[in-house]
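We use all heavy atoms of the structure for the numbers below, so side chains are in, but hydrogens, waters and symmetry mates are not.
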Amino acid sequence: MTLGSTTVLALKALKRNPTRALLTALGIIIGIAAVITMMEIGNGSSTSIRNSIEKMGANTILIIPGAPRQAGVSLGAGSQMSLTPEDVTAIGRDCLAVGNVVPIVNARSSNLQLIYQNQNWVPGELVGTAPEYLDIRNWTVVEGRAFTAREVASRAAVCLVGQTIVREVFGGASPVDSRIRLNNSNFTVIGVLGEKGANMMGHDEDDVVIAPWTTIRMRITGLKTGTATNTTSTASTLPGDLYPAEGVAFYPEQAENLETDTLLIPKFTQVDQILLSAVSPEQVDTAVDEVTTLLRERHRIKPGEVDDFRIRNSAEFMSMLSGTSTLMSNLLLGVALLALVVGGVGIMNIMLVSVTERTREIGLRMAVGARSRDILQQFLVEAIILCLSGGVIGILVGHGAGLLIESQLGWPIESSPTAVVAAVTVSAGVGILFGFYPAWKASKLDPIEALRYE
């Protein structure tokens, strides 16, 4: 018998007992529906968790200056001026795994006062940066606008304020277009940041003022002087090359009257930190390697020498993300195996009953020339048809249940074509696995004993 004729015969046998066939497939229907629903809910939850962790900074990388030593004593991170705006440009241009990159200039809040009319406030943080900073931090402007790259280049006195400052300084009123004073410099508020709340360390992230980094550096913090390593002499003038060969100081000390007696901006400007984001959380390690290689080359650090910078990434967030995804996958796998085993056992049970009921039919077919493999093939095809039909119906029921949960409970779901293909494949596999023994048992019946049955 051909496979086609065997399939037609199997369908006729199933049509003789449609209720039993439906109940037999019900186990697979419920199992596949549960798998599809759980996978859609699980994928939606995983995506939601991933987005939440990314908003917390799962793919962000912070670069800070190194900590030089004098007489064996570390001077502390940030005391070495080794990061420049040119480094920021080079990272954005040459590092393929890096998405956005911005310079960071920080002002100490203890030395800073924000004044508006008769209100006086010490902001928790004053950040000088570039417009892409908001993209890296997943921060939105809920009122007004963000500053632009042109305003950064022109050192415009504009700023964005957080929700805490809006509440404490402006009494909840709109601060857009208001004039505030930071120490001795006047700024115009052009936008209000969306609310972020407290971070994992308990720091209020909404108590912040963000402005162009050039403005903060020139108007608030001023140019800094610090220590550079690997220098053997000092120069009386600023070098033309920021990272010259040995024998020339990297960062010569400024004269005491430089800022007071000249209106010219020095030839180079350092930044306190560099903040960047990888193109995806999976590319964080690649981005770190690319940035490390680039900065060592730009800073002319020889093999074996210590870096004059430090890189910190969000390894804890990445570990949390990986652990959550693994736990979700294992949970779905356990549910899928349990549901399909239950459905498979039901099919095996009903197929064994079918073999017992159709013993005379099997004996008659063998008496007129059917071979054992024809009997085996017929019962296997019946089991596979039951499982595939149950799988298709289960997919539709599972997707419908997912849509119902999303509409009624508001849980996020995400369809997966891979899950659908896997469900169909598993359905056929269950039919073969659990239908083989009943089919094998039917094929081994003795024709004479089968004809004498009942």
Side-chain angles (χ1 to χ4, degrees), residues 39 42-66 77 82-106 127 129-140 146 149 152 194 196 199-201 205 210 213 271-299 301 303 306-330 332 412 414-419:
M39 291 197 70
N43 289 339
S45 300
S46 297
T47 301
S48 178
I49 293 172
R50 180 185 296 271
N51 292 336
S52 298
I53 294 178
E54 287 183 4
K55 288 181 180 179
M56 296 169 64
N59 60 337
T60 58
I61 300 170
L62 182 66
I63 308 173
I64 61 176
S82 57
L83 303 177
T84 66
E86 289 75 17
D87 291 334
V88 178
T89 303
I91 291 172
R93 181 184 64 241
D94 300 332
C95 297
L96 300 180
V98 174
N100 292 315
V101 55
V102 293
I104 300 291
V105 173
N106 292 317
V127 179
T129 184
E132 293 79 11
Y133 177 82
L134 301 180
D135 295 329
I136 296 176
R137 294 291 313 278
N138 290 290
W139 220 334
T140 58
V152 173
K196 269 191 174 288
N199 58 19
M200 297 182 66
M201 302 301 295
E205 295 197 69
I210 300 178
W213 73 269
V271 297
D272 297 334
Q273 300 170 347
I274 297 176
L275 182 66
L276 59 94
S277 62
V279 293
S280 68
E282 293 76 15
Q283 293 289 320
V284 169
D285 292 336
T286 303
V288 169
D289 293 338
E290 291 180 352
V291 170
T292 301
T293 302
L294 177 65
L295 290 182
R296 286 185 63 88
E297 179 181 352
R298 283 185 51 81
H299 296 189
I301 300 175
V306 180
D307 295 338
D308 62 353
F309 57 90
R310 295 182 180 180
I311 296 181
R312 296 176 179 172
N313 59 23
S314 47
E316 183 178 354
F317 285 157
M318 293 302 299
S319 177
M320 183 190 306
L321 177 61
S322 177
T324 302
S325 300
T326 302
L327 178 62
M328 189 67 68
S329 299
N330 292 337
L332 293 176
E414 182 177 334
S415 300
S416 174
T418 304

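Across all their heavy atoms, A130 and W213 have their closest contact at N-CD1, 4.5 Å. A149 and P131 get closest at one heavy-atom pair: N-CG, 3.6 Å. Looking at every heavy atom in both residues, Q273 comes nearest to I64 through CG-CG2, 3.9 Å. Across all their heavy atoms, A97 and T286 have their closest contact at CB-CG2, 3.9 Å. What you find for L294 and C95 is that their closest heavy atoms are CD2-SG, 3.8 Å. The minimum heavy-atom distance linking L275 with R137 is given by the pair CD2-CD, 4.4 Å.
Here CD1 of I136 is found 6.5 Å from CG of L276. Values are rounded to the nearest 0.5 Å. To the nearest 0.5 angstrom, I63 atom CD1 is 13.5 Å from D272 atom CG.
At distances below 3.5 Å, at least one donor-acceptor pair connects side-chain atoms of E290 with backbone N or O atoms of L96. In this structure a side-chain-to-backbone donor-acceptor pair under 3.5 Å is missing from N100 to S277.
Between F309 and V291 the shortest side-chain heavy-atom distance does not fall below 4.5 Å. Between Y133 and I104, the closest side-chain pair of non-hydrogen atoms falls below 4.5 Å. Using a 4.5 Å heavy-atom cutoff, the side chains of V271 and T84 are not in contact.
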task: Test side chain to side chain contact (heavy atoms under 4.5 Å, CB included) on I91 and L295 and set out the steps.
output: CA-CA 8 Å; I91 291 172; L295 290 182; 4.3 Å; yes
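Between the side chains of D87 and H299, at least one donor N or O lies within less than 3.5 Å of an accepting N or O.
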